[in-house]
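Working notes, beginning with the structure itself.
Just so you know, ligand 1 is whichever comes first in the structure, and atom 1 is the first atom listed for that ligand. Every heavy atom of this structure was used, including side-chain atoms; hydrogens, water molecules and symmetry mates were not. For the single chain, residues carry numbers from 1 onward in sequence order. Source: prediction; values computed, not measured.
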Amino acid sequence: MTDNSTIAAVATGAVQAGIGIIRVSGPDAIEVCNKIFKNRKGERKLPCYASNTINFGYICEPDDKPDAEGGAGEIIDEVLVSVFRAPHSYTAEDTVEINTHGGIFIEKRILELVLEAGARLAEPGEFTKRAFLNGRIDLTRAEAVMDLISSSNEFARKSAMEQLGGALSSKIRSLREQILHETARIEAALDDPEHYDLTGYDREISAMISGWAGEINELLQGEKQGRIHKEGIRTAIIGRPNAGKSSILNFLTDSGRAIVTDIPGTTRDTLEESVRFGDTQLLLIDTAGIRDSDDPIEKIGISRSKDAVAGADLIFCVIDGAEPLSAEDGELARDIADILSSNAGWIVPGEAGRASSGGSGRALSGTEDIPAVILLVNKSDREQKVSEEEVLAVYREAFSGFRKPFLNAVICSAVTGEGIGRIKEIVRELFGSGKLGAGQVWVTNSRHISLLNDTLRSLQDAKDAAENMVSEDLYVIDLMNAYISLGSIIGEAIEDDLADEIFSSFCMGK
Ligand code: GDP
């Protein structure tokens, strides 16, 4: 994988600007640039300049260039050239950065000269890849560079900076050290049972695994916060036909996009609409309802509605307050609880069905991450037949299987707007402004999330095995798998092709 070529690219965007930067890195970077750079006195002295210096001069055609268009030695641009000698550069290789005037044509012209002088065009992300391969930064920090470049808001910028500063790496390293320590302890005891005793160790390791999983779940919680900040709080609006779901959506968004009719089942598919409440953004999803139907088109809508409920951060459950509660309201409450219970509380968020895999079931997360439910008792402009307490009682009953469900009821009207202010207030109390706390580590990169989930799976297997008195030499394999997954996050023992894939998603010149 060692590549001794010298690479070059325009590091600034392809836009007309005050300056542009052409970056050249590799063992011949200084020699290559020396062929096309002259100082104020017309000398080619780049190899004599000290590291970390900025030097005034001119980019010129090489002296041996045939005297055609742009003849030998012709001045192309007046520039500043920075010289960084290995290992004191971004890539840890000899690097030259040419600050040119920032025209697209001029940058391209100078890049061509650099390539003719012996460099090759860099692939996207190749400078950062070299920084990683040369051991200057680990993988999470390399990826943070990419996240920082692509950040489109303050939250994304801050989380990328935390990562760039090494906050995630140090957390991962610490977890790895602890896992390795325990693995070594087990191995030692298996090799030398006379001196190392593992009596009672099953309980000890099980508790430790819970602690590690807790830390990983916290990292993954940051992912949710990041997504919420980026896309908005996913809010499913659910309720019986004609309760006023579309009207509530329209009132909140003031857009009139959802079709409002008095024929039950009009909203056949899900509708999404973004709405901002001060600092918080909601992605409202109007659902077709989750009651069963024989109509094939409605069936699709129903399945999407179920997905919307399962994937929601928040549920607005609209109840027609002008009609007395019926058995159907209780059924709907139970249907919602059923959908949520099938994917709540596993150590791998969003992954269902682990409870049956061993005695420990939901133990690793310790929390049930179900969405908050706000019951909107609608049509308060008409005579009210339902009280907040009545509807809360129905939902408390249906949600009694969850540890700490968040249930709240608000009397409101999509016609007069009564109660809408209270709904916004509750949302703000629940989700705050999504601001980062000091020193918090956030994981928003999908590769990291997937590897953290792999780690949790291996830890769960080890914990199940320990609790079921499986021999230590078997679950040591699970612990090592967790160790390896964590290692992949920071790029320890990373496969070459994986590194290629990661860095190719970088932009040119980085
Ligand atoms: P959905 O089927 O739950 O989406 O219900 P819609 O939003 O289509 O509303 C059904 C009917 O109830 C329509 O005739 C609405 O005008 C009416 N409606 C909705 N919200 C209110 C409300 O707050 N007050 C009154 N009086 N009528 C409402």
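Distances shorter than 4.0 angstrom occur between a heavy atom of A243 and an atom of ligand 1. At least one heavy atom of D381 sits closer than 4.0 Å to an atom of ligand 1.
Using modelled atom types, no side-chain atom of R173 and backbone atom of I490 make a donor-acceptor pair closer than 3.5 Å. A donor-acceptor pair is defined here as one N or O able to donate and one able to accept, closer than 3.5 Å; no such pair exists between the side chain of R240 and the backbone of I319. Panel note: side chain N378, backbone A414; a donor-acceptor pair is recorded below 3.5 Å. The closest donor-acceptor contact from the side chain of S206 to the backbone of D202 lies at 3.5 Å or more, if one exists at all. Not a single donor-acceptor pair under 3.5 Å links the side chain of S413 to the backbone N or O of E418.
Ionic pairing of R304 and D307 is not present here: no N-O contact between side-chain nitrogen and carboxylate oxygen is shorter than 4.0 angstrom. A salt bridge is absent between K129 and E126; no separation between the charged side-chain nitrogens and carboxylate oxygens falls under 4.0 Å.
On a distance-only criterion, A414 and ligand 1 share at least one N/O pair closer than 3.5 Å. In terms of N/O distances under 3.5 Å, ligand 1 is not approached by R382. For S246, a nitrogen or oxygen atom sits less than 3.5 Å from a nitrogen or oxygen atom of ligand 1, counting backbone and side chain alike.
Residue N242 touches ligand 1 through backbone and side chain together, judged by heavy-atom distances below 4.0 Å.
Listed by number with element, the atoms of ligand 1 under 4.0 Å from a non-hydrogen atom of S413 are 23 (O).
Comparing K245, R240, K379 against atom 18 (N) of ligand 1, the shortest heavy-atom distance belongs to K379. With atom 15 (C) of ligand 1 as the reference point, the heavy atom nearest to it among G417, G244, S247 is part of S247.
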